[in-house]
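Shown next, in structure tokens, is the structure this report addresses.
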Amino acid sequence: MITLAIDPSGNFIEGKGHTGIAGMKDSDWSTVFTKSVNAADYETRFEYWTAVKKVIQDYAIEKIPVQVVMENYVVRANGFTTGKMPETAMLIGVLVYFCEMHDIPVYFQSPAQAKVRFKDELLPDYIPQLTVSDKNRFYLGKKLTNDHERDAIKHLLYFKRYKEYKV
């Protein structure tokens, strides 16, 4: 079973969308990996969202059992009054729709559940291959991680430790 934890950001219009993904096989922490999908690398929202979905799809196509853990998103009324489109909520909808079409279980966590419980500086205690440089940069093996990837790792840790409820 592959568990994919997703820290989604659908924010394409402002060009700041950056989705972090962390995954692992079974409960083997030595298999932890991270990926990043950056909105600025795509010309359209459709291309960006498709790239995020493709990470899940790549595992589903290979017939590897997959489950998805995703940070949930609360739409506040003021987001609509300022004219902002709730792109992150829309991206989450796209991902849930895709997962349900392919019988992939989806679990949600609030941002605070994982990010408060697992601070960056604690991550190497749980994942030995995650190290911190003297400049406070976090590396998974030799790969520099970004904030979104580390947030996805936190969701993965929280899920493996506390198992949230399926949507």
Side-chain angles (χ1 to χ4, degrees), residues 1-11 16-41 48-49 51-76 87-89 91-92 94-96 98-99 102 104-167:
M1 167 80 63
I2 298 288
T3 303
L4 295 174
I6 302 173
D7 182 53
S9 173
N11 190 353
K16 298 176 185 170
H18 197 125
T19 296
I21 300 164
M24 69 184 294
K25 186 173 182 182
D26 301 322
S27 290
D28 182 354
W29 289 102
S30 71
T31 66
V32 171
F33 61 89
T34 59
K35 294 180 184 249
S36 234
V37 184
N38 189 345
D41 295 336
Y48 170 53
W49 290 1
V52 175
K53 176 199 63 96
K54 188 174 181 330
V55 175
I56 301 168
Q57 184 177 354
D58 286 348
Y59 290 99
I61 286 174
E62 293 179 22
K63 303 294 185 214
I64 299 171
V66 176
Q67 60 186 356
V68 171
V69 180
M70 198 172 336
E71 181 177 290
N72 67 6
Y73 182 83
V74 177
V75 178
R76 292 179 173 40
E87 289 184 290
T88 297
L91 171 60
I92 290 169
V94 167
L95 298 176
V96 170
F98 173 80
C99 288
H102 297 281
I104 298 171
V106 177
Y107 301 84
F108 278 113
Q109 297 171 357
S110 73
Q113 284 176 301
K115 294 173 188 176
V116 170
R117 173 63 183 91
F118 298 104
K119 301 284 187 195
D120 280 351
E121 58 272 8
L122 296 177
L123 294 179
D125 293 342
Y126 295 95
I127 303 170
Q129 67 269 33
L130 188 71
T131 58
V132 185
S133 73
D134 56 351
K135 295 181 180 179
N136 207 30
R137 293 187 176 164
F138 292 80
Y139 291 85
L140 186 60
K142 294 182 180 185
K143 180 184 182 275
L144 178 64
T145 63
N146 61 45
D147 292 347
H148 301 284
E149 290 170 328
R150 286 193 307 280
D151 285 348
I153 289 172
K154 294 169 190 177
H155 287 292
L156 184 63
L157 280 165
Y158 191 90
F159 178 76
K160 286 296 188 177
R161 182 129 190 210
Y162 300 107
K163 284 269 180 156
E164 287 300 297
Y165 296 101
K166 184 174 178 262
V167 174

Compare all side-chain heavy atoms of [X] with those of [Y] and state whether any distance is below 4.5 angstrom.
X: Phe98; Y: Ile56; result: yes
X: Gln67; Y: Val106; result: no
X: Trp29; Y: Leu156; result: yes
X: Thr19; Y: Ile6; result: yes
X: Tyr107; Y: Pro105; result: yes
X: Asn72; Y: Ile92; result: no

Hey, is NZ on Lys143 packed in by over 12 heavy atoms from elsewhere, all under 6.0 Å?
yes

How about Arg137: does its CZ atom have over 12 heavy atoms from other parts shown lying under 6.0 Å from it?
no

The single option from Val132, Leu157, Thr131, Leu140 passing side-chain contact (heavy atoms from CB on, under 4.5 Å) against Leu123:
Leu157

If you look at every heavy atom in [X] and [Y], which pair is closest and at what distance?
X: Leu95; Y: Lys53; answer: CD2-CA, 3.7 Å
X: Val32; Y: Met24; answer: CG2-CB, 4.1 Å
X: Ala5; Y: Ala152; answer: CB-O, 3.2 Å
X: Gly17; Y: Tyr48; answer: C-OH, 3.3 Å
X: Val68; Y: Cys99; answer: CG2-SG, 3.8 Å
X: Thr88; Y: Pro8; answer: CG2-O, 3.7 Å

For Phe159 and His155, I'd like to know if the aromatic rings sit close, meaning centre-to-centre distance below 6.0 Å.
no

Please step through side chain to side chain contact (heavy atoms under 4.5 Å, CB included) for the pair Leu4 and Val69, ending with a clear verdict.
CA-CA 6 Å; Leu4 295 174; Val69 180; over 6 Å; no

Nearest 0.5 angstrom please: [X] [atom1] to [Y] [atom2], how far?
X: Ser27; Y: Lys160; atom1: OG; atom2: NZ; result: 3.5 Å
X: Asn11; Y: Leu91; atom1: CG; atom2: CG; result: 10.5 Å
X: Leu130; Y: Leu122; atom1: CG; atom2: CG; result: 11.5 Å

Can you list everything that forms a side-chain contact (heavy atoms from CB on, under 4.5 Å) with Ser36? Sequence neighbours excluded, please.
His18, Asn146, Glu149

Judged by atom type as modelled, is there a donor-acceptor pair below 3.5 Å linking the side chain of Asp7 to the main-chain atoms of Asp151?
no

Donor-acceptor under 3.5 Å (Arg117 side chain, Tyr158 main chain):
no

My understanding is that only one of Gln113, Gln109, Lys115 makes a side chain to side chain donor-acceptor pair (under 3.5 Å) with Glu71; could you say which?
Lys115

Electrostatic pair Lys154-Asp120, nearest N-O below 4.0 angstrom
yes

Would you call Lys25 and Asp28 a salt bridge, taking side-chain N to carboxylate O under 4.0 Å as the test?
no

Show the numbers, then the answer: is there a side chain to side chain contact (heavy atoms under 4.5 Å, CB included) between Thr145 and Tyr139?
CA-CA 6 Å; Thr145 63; Tyr139 291 85; over 6 Å; no

